[in-house]
Amino acid sequence: MALVNRISRIFTADLHAVLDRIEEPQVLLAQSIREMADAVAADERRLAAVQERRQQYQRDVAASNARLAEFDRELDLCLGSDQDDLARSVIRKKLAESRAAASLTCSAREADEATAELTAVLEERRRDLEEIRQQAEVVRRDRPVPRVDYDAVSDSDVEIALLAEKERRSTP
C-alpha cells in the first residue's frame with residue numbers, strides 16, 4: 001500500500017510540474033489582477049449599499065424624532081386640558097415611536113461600523129491590487145526579448161522572398 005501511495009505522489013508531482021511549465025505566468029498574473037479588480041468592485045458595491053442604508057436609517061431617525069416632538073406637543077395639550085384618556089393614547093404612541101427610534105439608531109450605528117469595516121477592507125484590497133499591478137509592470141518590463149531563430153527560416157523561404165523583392169523593385 002505504501003508503494004502505491006508513493007507512486008501516486010510521484011505521478012501527482014510530475015503532473016504538477018508539467019502543468020507549471022504549460023501555464024503562462026503572464027496570463028496567470030493578468031487573471032489574478034482581473035480577479036482582484038473584481039473583488040475591489042464588489043467591495044465598492046457593498047460599501048455603497050451599506051452607506052445608502054445608513055443614510056436611510058439617519059433619515060428615518062430624523063423623521064421619528066420629529067414625530068416624537070409632535071407627540072410631546074400633543075401630550076402637553078392633553079395634560080393641560082386634564083384629558084388623561086387622550087394622554088394615555090398619545091403616551092402609547094410616543095412609547096412605540098421611542099422604541100422604533102431606538103431600533104433605528106442601533107441600526108444606524110451598526111451601519112456605521114459596517115461602513116468603517118468595509119472601508120478598511122476596501123483600502124487594503126486597493127493597496128494589494130496596486131502592488132500587484134506594479135509588480136506586473138516590473139515583470140512586463142523585465143521580460144526577456146524573444147530570441148529570433150534565423151535557422152527556422154528555410155532556404156526556399158529566402159529564395160521566394162528574394163524573388164518577390166526583386167520583382168517589387170523592378171516594377172516602377
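This chain uses plain numbering: 1 for the first residue, then up along the sequence.
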Worksheet item: Is there a salt bridge (charged side-chain N to carboxylate O under 4.0 Å, His left out) between Arg88 and Asp85 once you walk through the steps?
Response: CA-CA 5 Å; Arg88 283 185 185 91; Asp85 289 340; 3.2 Å; yes
Practice prompt. Could you tell me whether Glu117 atom CD has more than 12 heavy atoms of other residues or ligands within 6.0 Å of it?
Written response: no
Response to the item:
CD1 of Ile33 to CG of Asp128, rounded to nearest 0.5 Å, is 12.5 Å
Discussion item. With rounding to the nearest 0.5 angstrom, report the CG to OG distance, Asp84 to Ser89.
Written reply: 12.5 Å
Discussion item. For a salt bridge (charged side-chain N to carboxylate O under 4.0 Å, His left out) check, start with the C-alpha distance between Arg127 and Glu124, then their side-chain angles and the critical distance, and finish with the verdict.
Written reply: CA-CA 5 Å; Arg127 280 193 301 273; Glu124 179 72 25; 2.7 Å; yes
Discussion item. Give me the atom names and distance for the closest heavy-atom approach of Phe71 to Val90.
Written reply: O-CG1, 3.4 Å
Practice prompt. Say whether Arg59 and Gln56, considering side chains only, have a donor N or O and an acceptor N or O under 3.5 Å apart.
Written response: yes
Item to complete: Considering non-hydrogen atoms only, spot the tightest contact between Lys94 and Leu68 and give its length.
Response: O-CD2, 3.5 Å
Discussion item. Does this structure show an ion pair linking Arg125 with Glu44, if we count only N-O contacts that are shorter than 4.0 Å?
Written reply: no
Discussion item. Taking the side chain as everything from C-beta on, heavy atoms only, tell me whether Asn65 gets closer than 4.5 Å to Val61.
Written reply: yes
Item to complete: Carefully, step by step, assess Arg169 and Glu165 under the rule salt bridge (charged side-chain N to carboxylate O under 4.0 Å, His left out).
Response: CA-CA 6 Å; Arg169 285 187 168 79; Glu165 287 294 327; 2.4 Å; yes
Worksheet item: Val40 and Leu122: which non-hydrogen atoms are nearest, and at how many Å?
Response: O-CD1, 3.6 Å
Worksheet entry | Separation of Ser64 OG from Tyr57 OH (nearest 0.5 Å) | 14.0 Å
Worksheet item: Taking a hydrophobic cluster as the set of Ile, Leu, Val, Met, Phe, Trp and Tyr residues connected by side-chain heavy atoms closer than 4.5 Å, whether directly or through intermediates, do Leu47 and Leu129 fall within one such cluster?
Response: yes
Item to complete: Could you tell me whether the side chain of Leu163 reaches within less than 4.5 Å of the side chain of Glu159, counting heavy atoms only?
Response: no
Worksheet item: Side-chain donor-acceptor pair under 3.5 Å between Gln51 and Arg54, yes or no?
Response: no
Worksheet entry | NZ/NE/NH1/NH2 to OD/OE distance under 4.0 Å, Glu123 and Arg126 | yes
Discussion item. Checking the side chain of Thr115 only, and the main-chain atoms of Ala111 only, is there a donor and an acceptor separated by less than 3.5 Å?
Written reply: yes
Item to complete: Give a yes or no on whether Leu95 and Leu79 share a hydrophobic cluster (residues Ile, Leu, Val, Met, Phe, Trp, Tyr; joining criterion: side-chain heavy atoms under 4.5 Å apart).
Response: yes
Response to the item:
CZ of Arg99 to CG of Leu104, rounded to nearest 0.5 Å, is 14.5 Å
Fill in: Which atom of Ala114 lies closest to which atom of Val50, heavy atoms considered
CB-CG1, 3.9 Å
Fill in: Separation of Gln83 CD from Cys78 SG (nearest 0.5 Å)
7.0 Å
Worksheet item: CG/Leu75 to NZ/Lys93 distance, rounded to the nearest 0.5 angstrom?
Response: 11.5 Å
Worksheet item: Is the shortest heavy-atom distance from the side chain of Glu35 to the side chain of Gln31 under 4.5 Å?
Response: yes
